[in-house]
Amino acid sequence: MPRSLTCDVVTLMVKPSGDSNREAWFLSAQEGVIKATVFGGPKSKLRSQAAPFNQGKLYIYHDPVRDSNKVIDFDVQLWRPGLREMYERIMAANSLAETVLATHAGGSSYGTALELASGALDCLETADEKTCQRILLQFFWAWTELLGVKPDLNHCSVCACDIKSDEILCYSPAESNPVCAKCLAINSAGHLGRVSEITVGPGARRWLAAVENAGPKNALKFNLDTVSFDQARSLVLSVLTESVGRRLPLWDY
């Protein structure tokens, strides 16, 4: 990393460091996740600029000897004050940030990672209580594709048949693959290996297919009943759990 760096970022997390300083984690389009120290007390302008979920151009100095970063300036272009006006909004935003950090910004394609996170945060800022979880779920589903772990919901992993859009499938976390209703019935009779029963019905599958290439705002245009939402959420969080290696606490806020 060069000594001076300018990045397009969104602040993901900020924690106290010492008496007056703070440690901040940023998602950048150029470097992925960057950790840097923000110097200054409570009245510091820089401290307010680097608040969680602010977005803009970050200027940092890298100390090659200590291998540490120092925030020099932050030109904030998006403040997103609406996220702090509702519990559901800020919790969804924190869940998003925790996911990005746990997956190391997707490992690559940092520009796409920043675009996905920024789009979801923009939508969350004005979301009502009921839609926050749907926006977050759409982000999680898009994130599984960025991670390269999104399952194919159109084909059975056992018999390789096409699973019709109006059919129920069962997702196996152990094998990270879907199973059709026929193979699930055989499994129930004891002829296949154990398949964990995460049932995904037609409603959940149609919604996941519809929002696959849609932004979070467009995702709200597609209907999703409570049962289908619960099924889609169980599936997506199971996929992410397998990828991360653990279930993150904020997924269940």
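Annotation: E115, atom CD; neighbour count of heavy atoms from other residues, nucleotides and ligands within 6.0 Å does not exceed 12. Dense packing is recorded around CG of D128, with more than 12 heavy atoms of other residues, nucleotides or ligands lying under 6.0 Å away.
Not a single donor-acceptor pair under 3.5 Å links the side chain of S234 to the backbone N or O of I198. Checking side-chain atoms of E98 against main-chain N and O of L250 turns up a donor-acceptor pair under 3.5 Å. Distance alone, capped at 3.5 Å, places no donor-acceptor pair between the E145 side chain and the A142 backbone. No donor-acceptor pair under 3.5 Å is formed between the side chain of S228 and the backbone N or O of D225. The closest donor-acceptor contact from the side chain of T241 to the backbone of L237 lies under 3.5 Å. Remark: the backbone N or O of R134 is not paired with any side-chain donor or acceptor of T131 at under 3.5 angstrom. Looking at R89, its side chain does come within 3.5 Å of a backbone N or O of G82 through a donor-acceptor pair. A donor-acceptor contact shorter than 3.5 Å is absent between the side chain of W141 and the backbone of V211. Put simply, the side chain of N218 never gets that close to the backbone of A214: no donor and acceptor are under 3.5 Å apart.
Residues meeting the side chain to side chain donor-acceptor pair (under 3.5 Å) test with R84, sequence neighbours left out: none. W207 is linked by a ring pair (Phe, Tyr, Trp, His ring centres under 6.0 Å) to nothing, counting only residues two or more places apart in sequence or in another chain.
Using a 4.5 Å heavy-atom threshold, the side chains of F139 and L121 count as separate. Between H62 and S4 there is no side-chain heavy-atom pair separated by less than 4.5 Å. Residues P178 and L169 meet the side-chain proximity criterion, which asks for heavy atoms closer than 4.5 Å.
Residue F26 forms a side-chain contact (heavy atoms from CB on, under 4.5 Å) with just one option from L114, N54, V71, V33, and that option is V71.
Both F53 and Y87 belong to a common hydrophobic cluster when Ile, Leu, Val, Met, Phe, Trp and Tyr are linked at side-chain heavy-atom distances under 4.5 angstrom. A chain of hydrophobic side-chain contacts below 4.5 Å, direct or via other Ile, Leu, Val, Met, Phe, Trp or Tyr residues, connects L124 to F229. Hydrophobic clustering of Ile, Leu, Val, Met, Phe, Trp and Tyr side chains at less than 4.5 Å, counting indirect connections, keeps V14 apart from L83. Both W79 and L46 belong to a common hydrophobic cluster when Ile, Leu, Val, Met, Phe, Trp and Tyr are linked at side-chain heavy-atom distances under 4.5 angstrom.
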Would you check, one step at a time, whether the test salt bridge (charged side-chain N to carboxylate O under 4.0 Å, His left out) holds for K150 with E212? CA-CA 10 Å; K150 187 174 72 174; E212 187 169 324; 2.9 Å; yes

Run R247 and D252 through salt bridge (charged side-chain N to carboxylate O under 4.0 Å, His left out) and show every step you take. CA-CA 9 Å; R247 191 178 182 93; D252 299 309; 2.9 Å; yes

Please evaluate residues S118 and Q55 with respect to the criterion side-chain contact (heavy atoms from CB on, under 4.5 Å), reporting the C-alpha separation (whole Å), side-chain torsions for both, the decisive distance (0.1 Å), and the verdict. CA-CA 8 Å; S118 178; Q55 185 169 341; 3.0 Å; yes

Under the side-chain contact (heavy atoms from CB on, under 4.5 Å) criterion, do S109 and L146 qualify, and how do the steps go? CA-CA 8 Å; S109 302; L146 183 70; 3.8 Å; yes

Can L116 and W143 be said to form a side-chain contact (heavy atoms from CB on, under 4.5 Å), step by step? CA-CA 8 Å; L116 289 174; W143 202 254; 4.0 Å; yes

Between R80 and D122, does the salt bridge (charged side-chain N to carboxylate O under 4.0 Å, His left out) criterion hold? Intermediate values first, please. CA-CA 7 Å; R80 299 191 175 99; D122 285 344; 2.9 Å; yes

Could you walk me through whether V244 and W251 pass the side-chain contact (heavy atoms from CB on, under 4.5 Å) test, one step at a time? CA-CA 12 Å; V244 175; W251 287 345; 4.1 Å; yes

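The two residues S165 and R206 come nearest to each other via the heavy atoms O-NH1, 4.0 Å.
Side-chain contact check for Q30 and D8: at least one donor-acceptor pair (N or O, by modelled atom type) lies under 3.5 Å. At a cut-off of 3.5 Å, with distance as the only test, no side-chain donor of Q231 or T199 sits close to an acceptor on the other residue. Neither side chain, R22 nor S44, offers a donor N or O lying under 3.5 Å from an acceptor on the other. W25 and T11 form no side-chain donor-acceptor contact under 3.5 Å, judged by distance and modelled atom types alone.
A salt bridge does not link K70 to D63: none of the charged side-chain nitrogens sits closer than 4.0 Å to a carboxylate oxygen.
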